[in-house]
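Report on the following structure.
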Amino acid sequence: MTPPVRAVNTQGDTPSSDQVPLLAPSRGRDGRSLSSAAATSVMAASRGQSYATATAAPGSFSSQLRPTQSHDGRIRPDFDTHAIIVGEDANTTSEQRQAELQDQIEKETKIKVGSENLLEALNVKNAKKDQRLEVERQLNISNTKLAQLKSVLAAEIQKAKEVTSPPANPQSRLSYLFRRNLSRSPSQLVTQKDEDNDEETESPSLALADLLQALEMDGQQPEYYVTNANALVDLFKRHPTLKYDLVWSTFGLRMQILLLSENREVVAAAYRVMRHAITDRKSLQIIRELHSDTFVILSLVKESKASVEREQAMKFVRAFLDVKDGVEEMSRGVVRIVVAVAEHTDDRLRNIALLTLAELLVRKPALIASAGGMGSMCDALGEGHYLAAKSITGSFLYLLDTPRRRTYLRTGHELEAPLATFTDAGTTHGQAHEEKKLKQSADVIASMLRSWPGLLTLSMHDFINIRSLLLSLQIPAVHVRTIILELLSDILMIKGPSWSSSFLAGRRLTTYGRVTNLKAEPQKDSAETASPGTTKWNLLEHYVAVVLAVFLHAGLVPALLRAEEAPLTPALKRKTTLLLGEVLKMANELLPSRWSASLQVLPELLQSASRWGTEDRFVAVGTIYQVDSVNRTLYRSGPTSNHVSKTGAAGDNGAARQADTKAQAAMQIDEGQFRNLMLDTQVLNTVNFTKWRWDLIVQIIEGPLLNAKRLDEAIKATKFIHRLLGFYRPFKWRFSEVKNTKPNQRYVRAGCALMRTMLQNPEGVRYLSDSKFIRQVAECLSHFDRMSGLTSESPIFQVDRINETLTGGYFAFLGELTKDSRGIQILERWRVLNMFYHIIELHDRDDLIRTLLSNMDYTLDGHLRIIVSKAMTSCSKEIRIFSTRLLRKYATRPMEGSESTGGVAEWAIKLLVTQLYDPEVEVCEVAIKILEEACNQTESLEYVVKCRPALDHLGEIGAPLLLRFLSTSVGYHYLDELDYITREMDDWFLGRNDSYVAFVEASLARGFSELTEKPPPQLPHEEAPEPTNYGTVPPHFYRELTRTKEGCKLLQQKGHFDEFVSTIMDFAMEDDDAETILKVKGCLWAVGNVGSMELGAPFLENSDVVKWIVRIAETSEVMSLRGTAFYVLGLISRSLHGQEILLEYGWDGVVNEFGESLGFCLPLDFQKLFSIQPWVAKPDQVKWKVPADVKLGVTDSDPVNMRILKLATDLGNTVLAKKSANDLQAIKAKKAPGFTKPDMFHKVLQILEAHHFRLPACRFVLDLFDRSVLRQIVLDEEEEEADVEQPPDEDESSSSAGDDDEDDEHDDSSSESEPDVRHKRTSAP
């Protein structure tokens, strides 16, 4: 028989006691479960042949069907209902396992790092041997677990790749689609493969016809229809164009019959097939003609036990969003039900319903407004339970951007809901629950304040929202104040200094002053490589400057001072003090002097401190002392922002001079002190290196041994140097057997220091050259030199030894020798360089080549440069990329000192230019990025141009480097010869300006999002990827063109700047057309980049464009356009002329102590920037009222039917709902004929579409209708004629009785007349 008719009443879906259910609903990711036994049965189900494939379909957010074993042994379909995640595919379980393994690896890594740090501390303190052994044992356990977890993860990733990638053999494609696991027997696999081969040889059209014919078979079990439906989906996936040739008259009828089934899995399979059959908007219109809206509404209102059907129905609804203009085909009735699901807090589909509404709010906000979805989304935004509230925030921010979209928000206060979480905090019970809710709301507020629409909206009405947030600091609750302080740090992008954790733990600032200096040193190198003219301009800092100004204007400092004076805990007081110090420092660096000057003196505290005779005076004095101490330490730590700090460089130079002074003093110790030091190291007393004091050994090596007399004494009069070098000799099996752990790296550091010290003295060079140490290292290298003739069964430098022991440190020692010409001579004496040539040629030891190349120094001209150039051209792609990255630190060196260093910068640039012609694009891309960084220096840029690289073959990859060429006259003439400038100029003028806007906005969004991501693990310099500076101003053609006089002349001749100015003046106040707004933004960025150059000043002076940009920033109704104008004014303030022009229009720029502009500016009248007028919703744009046609449609001539419609309407009224439900139940008990009429069913659906109802009310009213109504609607049964011929009461009662009899027969599965009737009706179309 065909699938049984689907019941409208969900109570009919409950299986009888003697009938085994086809699927027990499993536990969802949100933790809600219908029954533990059901979840257990699903988990314990057999994994047999899969019913569905793995590719994600339109609208999908979960995986597909798979079979399980029922209690009677039959295979039954099982739907994966464990998760609701957008874009999820069949490998969800594999991805979950990978995520779990990654988490375990992270935990074990933390344990390993902690053990290494503890071991290092024990070594310094000379702790007991038992303690060290215990820590080493734990460290070994962590290393073993890490190795096991990594191997399991690699196997899991490989397994996922094998499952997700189609096999090359076309004969096994179908079996691949079904290969969820390999639990079947080999004979079953062979049989399945043969069947797949037969199916694969058939044409897609014939296979489609066979499957549709199979779906017409009568009297089959539900799993039969599910299997064929899934096979149909597989066919659509293998042949994507097949669905364009569907005959919908036949295909649609089959789907309708499946949707009418009483079995939930069959209905779900029908939704899945229809979802995969969607092609375009026309197909959606055809599908809606099949009454799909009615089916979806009936599915979504069912109880949670019908989770499979409801989930597939929601996927089907989401599929409309994946089709172009598909949102226009979404009915308000369906959206009303999605809203009802989103409001039902216990519904497992609530999260995906909210996400669907968020997408609809962007695509068609009028539909959400008319369907009443704004309220549920605002509730989700402020309740703190919806984990993806940021997605809803993004939808609201999109609406707030333009005035037309803004009117869909009725009050304009929708974004204030998360703030209420803080203002109402402390009044509810349950701190843990409230703390979680506060953290979610804090994330939402932070995401709002990282966009211009959010910042401008929250700053309306004289910053009342920001003020209320700051006033929440006075709430006497520790968790509330802690979260607000963390939120303020997050909003202001404050990254705590290295010593912040120690300070917050209660340690004194004076105990770790040296650490701050050490932490600040790595920033020095990166700052030195960039010249002032080409420093990256950070837009994120400019935005943070205005956010900081907003909070200061709203009273941030007084709020923090009040929190200081009334601390709830000592830890909170320290956290507040640190935040206050950071705010004062940022204000000094990022804001104009008129802002920061009055803040630094803390007038409120000074007034309190000057009131003699009061106890508050002592609190104020202590606070001033703490803030001053934190401020001094912060300024020693370096700048908060990324711009170059001149004071920081001076401090670094002072630290370097101090270190040199200490080294000079250490060299001058007398003989007695030197001998005592050597005795204290225990080197002369024992050969057991674990008893040696390695801190003293390093102190001697880097101090007294630099004195020639002391070195000669250590070599000839004692065995100090002899035993040290003996420890490092490979065949002593001491250093070469030490485990490769972080604490043991001190042996490598000591060895490198020893090599450096020995090379400083002729006696040390002679001793090192004649020692067995270099000779044995050379012998170990010869085992990998095919020309040496030496081999070993267990060579020192085999893979496992390098990974597990410190043998890789020998290359670090050799690298120290390559930094000095005398060390090179030692290596040449023992033929080490010859062996390097041959090691580079090994094809199976990339790890050894990496270790070799990364430890060598290429500053001196010689064989090593030839070796690395050979690796860059003849080795594998990975080694070529690796060796290309090695040249970064040489190519970015300044060119002035190149004579003394053998022209290292020129050599590196030449090699990088050669790499531009590598056959692999990845290698070329790495070389391009390094060359672009090297071009920050004018001398390096001119040398790159002198090399005349050809970049045409690289396309867009080489475009940034060519742009850099424009910044010098030499590069300009070179590009002019290639006819590059005119072509590129026309390209930017006609379209690239617009794409530049999207690029900048995406970079800003990525920069803000990276603030919340976990920091990446620290990698070595040569393995770390090139830094991506998100949030900085990308290279712009017109900015680079304006760097030279020739470029300015060409820009003047072309007249492009005047065109940009006229566009800005004509469309400055545009607030609706998206294309025009994009054009204005592109022109603004072009003008700003030209105005940021000193040579671009005449262009600004000859036009009034700055006045128009200021007008846009202060009065434009498009919030994102205001933000663009604000950034552009910051660019203009980069030049001296630009600052003068801005000052005329009431904008003040930020300069450092040398008068150089930092590119930040703010209006003198600060509130002008936030002068957004409040708005009201326009009735002509938002359809708040019920349409007139709906009012007419819900009337009826029959008084009983009219009563039913009136009561159904009253179900939406919370006061009348209970009484209306009771009255409807009474009418149903009297077997009113209205509940069997299709027209009444349509009228009730109209009521549900026109008014707001809760999900239980929708389910209740639809359950009242007889189950035969849906079949009458779908199959167009004409019973109206019978209504005319017979009296209504008798006809309806007999019809109802007949339906009841028919239902009873169906429940007993004994009806034989039903298939014949159904067959006649299905064959008629």
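Remark: Thr279 engages Ser283 in a side-chain hydrogen bond (donor to acceptor under 3.5 Å, both in side chains) (not counting sequence neighbours). When the side-chain hydrogen bond (donor to acceptor under 3.5 Å, both in side chains) test is applied to Arg288, the partners found at least two apart in sequence or on another chain are Asp293. Applying the side-chain hydrogen bond (donor to acceptor under 3.5 Å, both in side chains) criterion to Thr1076, with sequence neighbours excluded, gives Asp1073.
Smallest separation of non-hydrogen atoms from Ser395 and Leu361: CB-CD2, 3.7 Å. The two residues Val1274 and His291 come nearest to each other via the heavy atoms CA-CD2, 3.9 Å. Here the shortest heavy-atom pairing between Leu367 and Leu360 reads CD2-CD2, 4.4 Å. Residues Val335 and Met330 come closest through the heavy atom pair CG2-CE, 4.4 Å. Taking both residues in full, the closest heavy atoms of Lys1237 and Phe1265 are given as O-CE2, 4.3 Å, listed atom of the first, atom of the second, then distance. Closest non-hydrogen pair, Ala358 versus Met377, comes out as CA-CE, 3.5 Å.
One finds a salt bridge joining Arg332 and Glu1249 here, because a Lys/Arg side-chain nitrogen approaches an Asp/Glu carboxylate oxygen to under 4.0 Å. A salt bridge links Lys1081 with Glu1001; the closest basic N to acidic carboxylate O contact falls under 4.0 Å.
Using a 30° and 60° split on the angle between ring planes, Phe316 and Tyr271 fall in the tilted class, from 30° to 60°.
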- Between Phe295 and Val267, is a side chain to side chain contact (heavy atoms under 4.5 Å, CB included) present by the stated rule, with each step listed? CA-CA 9 Å; Phe295 284 116; Val267 176; over 6 Å; no

- Item | Val1269 and Phe1235: CA distance, side-chain angles, deciding distance, side chain to side chain contact (heavy atoms under 4.5 Å, CB included) verdict | CA-CA 8 Å; Val1269 173; Phe1235 291 121; over 6 Å; no

- Query: After noting the C-alpha distance and the side-chain angles of Leu232 and Leu212, does the key distance pass the side chain to side chain contact (heavy atoms under 4.5 Å, CB included) rule?
  - Reply: CA-CA 8 Å; Leu232 192 55; Leu212 291 178; 4.3 Å; yes

- Verdict with reasoning, Glu216 to Arg254, per side chain to side chain contact (heavy atoms under 4.5 Å, CB included): CA-CA 7 Å; Glu216 294 181 5; Arg254 286 290 92 211; 3.2 Å; yes

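Note that CG of Leu1262 is 5.5 Å distant from CG of Leu1248, once rounded to the nearest 0.5 Å. With values rounded to the nearest 0.5 angstrom, Leu355 atom CG is found 5.0 Å from Arg318 atom CZ. Here the straight-line distance linking atom CD of Glu265 with atom CZ of Arg272 works out to 13.5 Å at 0.5 Å rounding. Met314 CE to Leu300 CG: the interatomic distance, rounded to the nearest 0.5 Å, is 5.0 Å. The line from CD of Gln1272 to CZ of Phe1241 is 11.0 Å long, rounded to the nearest 0.5 Å. Summarising the geometry, atom CD1 belonging to Ile297 is positioned 5.5 Å from atom CD1 belonging to Ile337; distances are rounded to the nearest 0.5 Å.
Judged purely by atom type and a 3.5 angstrom limit, Arg363 uses its side chain to pair as donor or acceptor with the backbone of Leu321. A donor-acceptor pair is defined here as one N or O able to donate and one able to accept, closer than 3.5 Å; no such pair exists between the side chain of Arg350 and the backbone of Val341. Side chain of Asn228 to main chain of Leu215: no donor-acceptor pair is present (N/O by atom type, distance under 3.5 Å, no hydrogens or angles). Put simply, the side chain of Glu1070 gets close to the backbone of Asp1072: a donor and an acceptor are under 3.5 Å apart. With hydrogens and angles ignored, the 3.5 Å screen pairs no side-chain donor or acceptor of Arg405 with any backbone N or O of Leu400. Not a single donor-acceptor pair under 3.5 Å links the side chain of His344 to the backbone N or O of Ala340. When atom types are taken as modelled, the side chain of Arg281 and the backbone of Gly326 share no donor-acceptor pair closer than 3.5 angstrom.
Under the 4.5 Å side-chain criterion, counting only non-hydrogen atoms from C-beta, Lys237 is in contact with Val233. Contact check for Leu284 versus Asp325: no side-chain heavy atoms found under the 4.5 Å cut-off. Using a 4.5 Å heavy-atom threshold, the side chains of Ile1273 and His1242 count as touching. Pro365 is not listed as a side-chain neighbour of Tyr398, based on a closest heavy-atom distance of 4.5 Å or more. Side-chain atoms of Glu329 and Val323, non-hydrogen and from C-beta on, never get closer than 4.5 Å to each other. The closest side-chain heavy-atom distance from Lys1079 to Phe1067 is not below 4.5 Å. Taking the side chain as every heavy atom from C-beta outward, Tyr225 and Gln220 approach each other to under 4.5 Å. Taking 4.5 Å as the limit, every side-chain heavy atom of Lys302 sits out of range of all side-chain heavy atoms of Arg1259.
Side-chain contact annotation: Thr1236 with Asp1266, donor-acceptor N/O pair under 3.5 Å absent. At a cut-off of 3.5 Å, with distance as the only test, a side-chain donor of Ser299 or Glu309 sits close to an acceptor on the other residue.
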